[in-house]
Amino acid sequence: MALTPGRDDYLKDSKYFMAVALLAAKRSEDPNTQVGACIVNQENKIVGIGHNQMPNGCDVCHAELNAIMNTNGADVKGCSMYVTLFPCNECAKLIIQRGIKEVIYLSDMYEDRDEFKASRKMLEVAGIELRQFKPKATEIVIDFQ
């Protein structure tokens with residue numbers, strides 16, 4: 001029995017999860033930076049999504065923190081985090097403490113800042129795999145029609 005050939009334009013796992021992080025970033029009301037994060041478990045199931053947002057009376061809570069807080073109690077130990085911007089040093093601490101094993105990031109535009117150098121060093125010392133996402137296509141079109 002021959003299998004019917006599938007589509008070749010479907011979203012593969014890493015592209016899909018980064019697209020979810022990018023879509024989450026679109027929810028941010030921050031006028032300067034919009035960041036999204038998507039946490040994925042070992043079965044390639046999304047267990048948390050977050051974006052940077054401004055809680056009442058506080059500074060911005062980062063997307064990584066919100067993704068971890070939005071897991072509905074799911075354990076993130078051993079999970080991968082897709083994030084649109086390389087994590088800062090404060091988010092790196094959370095990532096390390098929660099046992100996330102891998103961070104896949106889209107942009108590292110603040111790599112020359114001390115807090116991001118510190119973040120990279122902490123994540124590397126903790127043995128967390130860091131990988132920059134390099135998309136082959138530059139856009140995904142979502143048609144509501």
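We count residues from 1, following the sequence as given.
- Inter-residue side-chain proximity for Y110 and E115 is flagged as unmet; no heavy-atom pair is nearer than 4.5 Å.
- For the residue pair G50 and A24, the shortest heavy atom distance occurs at O-CB, 3.6 Å.
- Nearest heavy-atom pair, V35 versus A63, reported as atom, atom and distance to 0.1 Å: O-CB, 3.4 Å.
- Of all heavy-atom pairs spanning N44 and D13, the tightest one is ND2-OD2, 2.8 Å.
- Residues S107 and Q132 come closest through the heavy atom pair CA-NE2, 4.3 Å.
- In summary, E90 and K93 engage in a salt bridge, as defined by a charged side-chain N under 4.0 Å from a carboxylate O.
- Note that CD of Q34 is 10.5 Å distant from CD of E29, once rounded to the nearest 0.5 Å.
- A donor-acceptor distance shorter than 3.5 angstrom exists from the side chain of N52 to the backbone of T33, with no hydrogens or angles considered.
- Following chains of ILVMFWY side-chain contacts shorter than 4.5 Å, one cannot reach M18 starting from I39, and the two form parts of different hydrophobic clusters.
- In this structure, V40 is not a member of the same hydrophobic cluster as V47, with clusters built from ILVMFWY side-chain heavy atoms closer than 4.5 Å.
- Shown here for K77 and Q42, the closest heavy-atom pair between the two residues is O-NE2, 3.4 Å.
- Other residues, nucleotides and ligands contribute only 12 or fewer heavy atoms inside 6.0 Å of the OH atom of Y16.
- With rounding to the nearest 0.5 angstrom, the CG atom of L130 is 5.5 Å from the CG atom of L123.
- Distance check, rounded to the nearest 0.5 Å: CD1 of I95 to CG of L65 gives 10.5 Å.
- For the pair N89 and M122, the tightest heavy-atom approach, listed with the atom from each and the gap, is O-CE, 3.3 Å.
- Side-chain atoms of T84 come within 3.5 Å of backbone N or O of G36 as a donor-acceptor pair.
- Annotation: side chain of F133 is in contact with side chain of K15 (closest heavy-atom distance under 4.5 Å).
- Annotation for K117: atom NZ counts as buried by contact number, over 12 foreign heavy atoms lying within 6.0 Å.
- Note that OG of S119 and CD of E124 are 9.5 Å apart. Values are rounded to the nearest 0.5 Å.
- To the nearest 0.5 Å, atom SG of residue C38 and atom CG of residue N70 are 11.5 Å apart.
- For the pair E64/V103, no side-chain contact is recorded, criterion being any heavy-atom separation below 4.5 Å from C-beta on.
- Put simply, the side chain of V125 reaches to within 4.5 Å of the side chain of K121, judged on heavy atoms.
- Y105 and I140 sit in two unconnected hydrophobic clusters of ILVMFWY residues. Membership requires side-chain heavy atoms under 4.5 Å apart, directly or through other members.
- Using cut-offs of 30° and 60° for the angle between ring planes, the F17 and Y82 rings count as tilted.
- Put simply, the side chain of C88 reaches to within 4.5 Å of the side chain of H62, judged on heavy atoms.
- Looking at heavy atoms from C-beta onward, I100 lies in side-chain contact with I68 at the 4.5 angstrom threshold.
- Taken together through direct or relayed side-chain contacts under 4.5 Å among Ile, Leu, Val, Met, Phe, Trp and Tyr, I96 and L94 form part of one hydrophobic cluster.
- The neighbour count for R27 CZ, taken as heavy atoms of other residues, nucleotides or ligands under 6.0 Å away, does not exceed 12.
- Using a 4.5 Å cut-off between side-chain heavy atoms of Ile, Leu, Val, Met, Phe, Trp and Tyr, with links allowed through other members, V60 and M109 fall into different hydrophobic clusters.
- The line from NZ of K45 to SG of C79 is 12.0 Å long, rounded to the nearest 0.5 Å.
- Here the side chains of I104 and S14 are not in contact, with every heavy-atom distance at 4.5 Å or above.
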